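The shown structure was predicted, so the numbers you read here are calculated from the model rather than taken from an experiment.
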Amino acid sequence: MPAAAMEETMQYCSMGARALLIATALALASSAASAQNWPSRFVTVVVSFPAGGPTDVLARAIASDLADKLSQQFVVENRSGAGGNVGAASVAKAAPDGHTLLFATTSVVNNRFMYKSVPFDADRDFVPIVLISKTPIVLVASQATGLKRLDALIAHARANPGKLNIGSPGHGTAAHITAESLQRLAGFKLTHVPYRGSAPMIADLLGNQIDVVVDLLPTQIPLLKEGKYAGIALTSSARSAALPDLPTVAESGFPGFEATSWNALLAPAGTPPDAVRRLNALVNAYLVSDKGKQDLAKFDMQAGGGSPEDLKAFMASEVAKWGPIFKAANITME
């Protein structure tokens with residue numbers, strides 16, 4: 001507030017009101033100065049899953065890039081548990097000063113449908129910064145089935161109800177709900193077998209102990225390239241550069257179908273807008289850089305990008321898309 005306007009306003013205020021006005025002005029000035037000085041110390045980037053996976057590796061690559069550009073440490077911390085709820089809750093409760101960020105996954109919006117109680121409100125407790133990446137999901141069939149096309153899988157499943165099973169890397173994962181969505185759209189039913197991660201599921205697929213699996217594409221690329229089993233279809237909007245001959249679900253008779261796992265950067269609600277804008281600009285620059293493209297290509301991830309408003313709209317669309325699937329399939333966790 002300009003000094004003249006402050007003085008004029010204070011002439012008509014009681015002593016208590018004057019004190020409140022002065023305190024408010026000082027707080028706003030302090031907040032503005034804090035935002036301009038951001039980051040004033042190291043920044044913690046929380047990953048809600050164990051170290052070593054694609055999400056963790058990408059988070060560390062981006063943290064390193066931000067550290068170089070801002071001349072400040074960006075420290076990645078893995079806080080796993082409860083399907084991502086532990087890490088997300090820790091960020092939701094952190095001070096909204098731009099020094100604690102969440103490297104979020106699909107679970108941050110989907111867990112509201114799966115758990116009876118979630119220790120945060122994704123819409124209320126976070127401010128969106130930027131969509132980082134989308135990861136395609138792939139449908140794969142064992143050699144024993146002889147299936148190599150989506151239409152053949154659907155026809156076989158319809159002709160043999162209850163005979164085929166489908167594995168996913170976990171109950172309520174993006175892969176699981178994608179499989180449920182496709183089955184409802186195409187009118188066929190497979191028996192779901194949830195695994196504790198991709199490794200045991202792949203072992204059973206190689207041993208022909210399970211008929212079909214749905215998984216994140218990066219995990220499946222090496223064995224698909226070796227021809228150990230057949231890729232049926234991708235659930236992304238475009239084909240994969242790593243497997244250009246593998247068609248999408250949309251190309252296989254279901255135009256518009258898209259389902260991906262994704263990563264995004266979020267901060268506690270109330271984080272200074274200037275910090276959000278700087279982070280958004282820096283991550284967008286990373287995503288279009290040669291280094292960013294190389295990092296994403298390692299895991300066959302599609303670059304995100306866009307504004308905080310774009311991410312907010314995207315997250316809302318994911319809620320609208322997957323909420324009915326969780327309910328219809330009765331996908332819950334205690």
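At a threshold of 4.5 Å between non-hydrogen side-chain atoms, the residues Pro136 and Gln302 count as touching. Using a 4.5 Å cut-off on side-chain heavy atoms (C-beta onward), Val86 and Ser80 make no contact. In this structure, the side chains of Val130 and Leu279 stay at 4.5 Å or more apart for every pair of heavy atoms. The side-chain heavy atoms of Thr145 and His156, taken from C-beta on, include no pair separated by under 4.5 Å. By the 4.5 Å heavy-atom criterion applied to side chains, Glu180 and Ile331 are counted as neighbours. Side-chain atoms of Leu185 and Val249, non-hydrogen and from C-beta on, never get closer than 4.5 Å to each other. Between Val91 and Pro268, some side-chain heavy-atom pair lies under the 4.5 Å cut-off. The closest side-chain heavy-atom distance from Leu243 to Lys225 is below 4.5 Å.
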Begin with the C-alpha distance, continue with both residues' side-chain angles, and end with the deciding distance and a verdict on side chain to side chain donor-acceptor pair (under 3.5 Å) for Thr105 and Asn263. CA-CA 5 Å; Thr105 68; Asn263 296 309; 5.6 Å; no
Given side chain to side chain contact (heavy atoms under 4.5 Å, CB included), test Leu150 with Leu139 step by step and report yes or no. CA-CA 9 Å; Leu150 182 58; Leu139 198 65; 3.8 Å; yes
task: Evaluate side chain to side chain contact (heavy atoms under 4.5 Å, CB included) for Val43 paired with Leu101, printing each intermediate quantity in order.
output: CA-CA 8 Å; Val43 178; Leu101 308 173; 3.9 Å; yes
For Thr248 and Arg239, what are the C-alpha separation, side-chain angles and deciding distance, and is it a side chain to side chain contact (heavy atoms under 4.5 Å, CB included)?
CA-CA 6 Å; Thr248 65; Arg239 293 194 182 198; 4.1 Å; yes
Run the side chain to side chain contact (heavy atoms under 4.5 Å, CB included) test on Ile210 and Val193 for me, step by step, so that the C-alpha distance in whole Å, both residues' side-chain angles and the decisive distance to 0.1 Å come before the verdict. CA-CA 9 Å; Ile210 192 162; Val193 180; 4.0 Å; yes
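What you find for His99 and Ser40 is that their closest heavy atoms are NE2-N, 3.0 Å. Nearest heavy-atom pair, Trp38 versus Asp97, reported as atom, atom and distance to 0.1 Å: CD1-O, 3.5 Å. Contact between Ala141 and Leu147 at its shortest, heavy atoms only, is CB-O, 3.7 Å. Asp56 and Gly52 make their closest contact through OD2-N, 2.9 Å (heavy atoms, listed as atom of the first residue, atom of the second, distance). Residues Asn111 and Ala82 share a closest heavy-atom pair of ND2-O, 3.9 Å. Heavy atoms only, all atoms of each residue included: Gly98 and Pro272 are closest at N-CD, 4.3 Å.
Surrounding NZ of Lys228 are at most 12 heavy atoms belonging to other residues, nucleotides or ligands under 6.0 Å away. Within a 6.0 Å sphere centred on NZ of Lys69, heavy atoms belonging to other residues, nucleotides or ligands number more than 12. In the displayed structure, Lys312 atom NZ is contacted under 6.0 Å by at most 12 heavy atoms of other residues, nucleotides or ligands.
Cluster annotation: Leu246 is connected to Ile202 through the hydrophobic network of ILVMFWY side chains, with a link wherever side-chain heavy atoms come within less than 4.5 Å. Residues Phe257 and Ile166 are members of one and the same hydrophobic cluster, defined by side-chain heavy-atom contacts under 4.5 angstrom among Ile, Leu, Val, Met, Phe, Trp and Tyr. Hydrophobic clustering (side-chain heavy atoms under 4.5 Å, transitive across Ile, Leu, Val, Met, Phe, Trp, Tyr) keeps Leu234 apart from Ile137. Cluster annotation: Phe42 is not connected to Leu102 through the hydrophobic network of ILVMFWY side chains, with a link wherever side-chain heavy atoms come within less than 4.5 Å. Leu223 and Tyr195 fall within the same hydrophobic cluster, where Ile, Leu, Val, Met, Phe, Trp and Tyr residues are linked whenever their side-chain heavy atoms come under 4.5 Å apart, directly or through other members.
The existence of a salt bridge linking Asp295 and Arg60 is excluded, since no basic side-chain nitrogen approaches an acidic carboxylate oxygen closer than 4.0 Å.
Judged by distance alone, the side chain of Gln220 and the main-chain N or O of Asp215 form no donor-acceptor pair under 3.5 Å. Proximity of a side-chain donor or acceptor of Arg158 to a complementary backbone N or O of Phe188 within less than 3.5 Å is not detected. With hydrogens and angles ignored, the 3.5 Å screen pairs no side-chain donor or acceptor of Asp204 with any backbone N or O of Gln209. Of the possible polar contacts, one joining the Asn280 side chain to the Gly306 backbone as a donor-acceptor pair under 3.5 Å is found. Glu251 places no side-chain N or O within 3.5 Å of a backbone atom of Pro247 that could act as its donor or acceptor partner. A donor-acceptor pair under 3.5 Å is absent between the side-chain atoms of Arg184 and the main chain of Ser181, judged by distance alone. Put simply, the side chain of Gln143 never gets that close to the backbone of Asn208: no donor and acceptor are under 3.5 Å apart.
Between the OG1 atom in Thr135 and the CG atom in Asp300 there is a gap of 8.5 Å [rounded to 0.5 Å]. Atom CZ of Arg196 sits about 14.0 Å away from atom CE of Met201, to the nearest 0.5 Å. Remark: Lys134 NZ to Ser237 OG distance equals 6.5 Å, nearest 0.5 Å. Distance check, rounded to the nearest 0.5 Å: OG1 of Thr100 to CG of Leu266 gives 13.0 Å. Taking CH2 from Trp262 and CD1 from Ile132, the interatomic distance works out to 10.0 Å, rounded to the nearest 0.5 Å. Note that OG of Ser168 is 3.0 Å distant from NE2 of His192, once rounded to the nearest 0.5 Å.
Side chains of Ser307 and Asp310: a donor on one and an acceptor on the other come within 3.5 Å.
With sequence neighbours left out, the ring pair (Phe, Tyr, Trp, His ring centres under 6.0 Å) criterion links Phe326 to Phe113.
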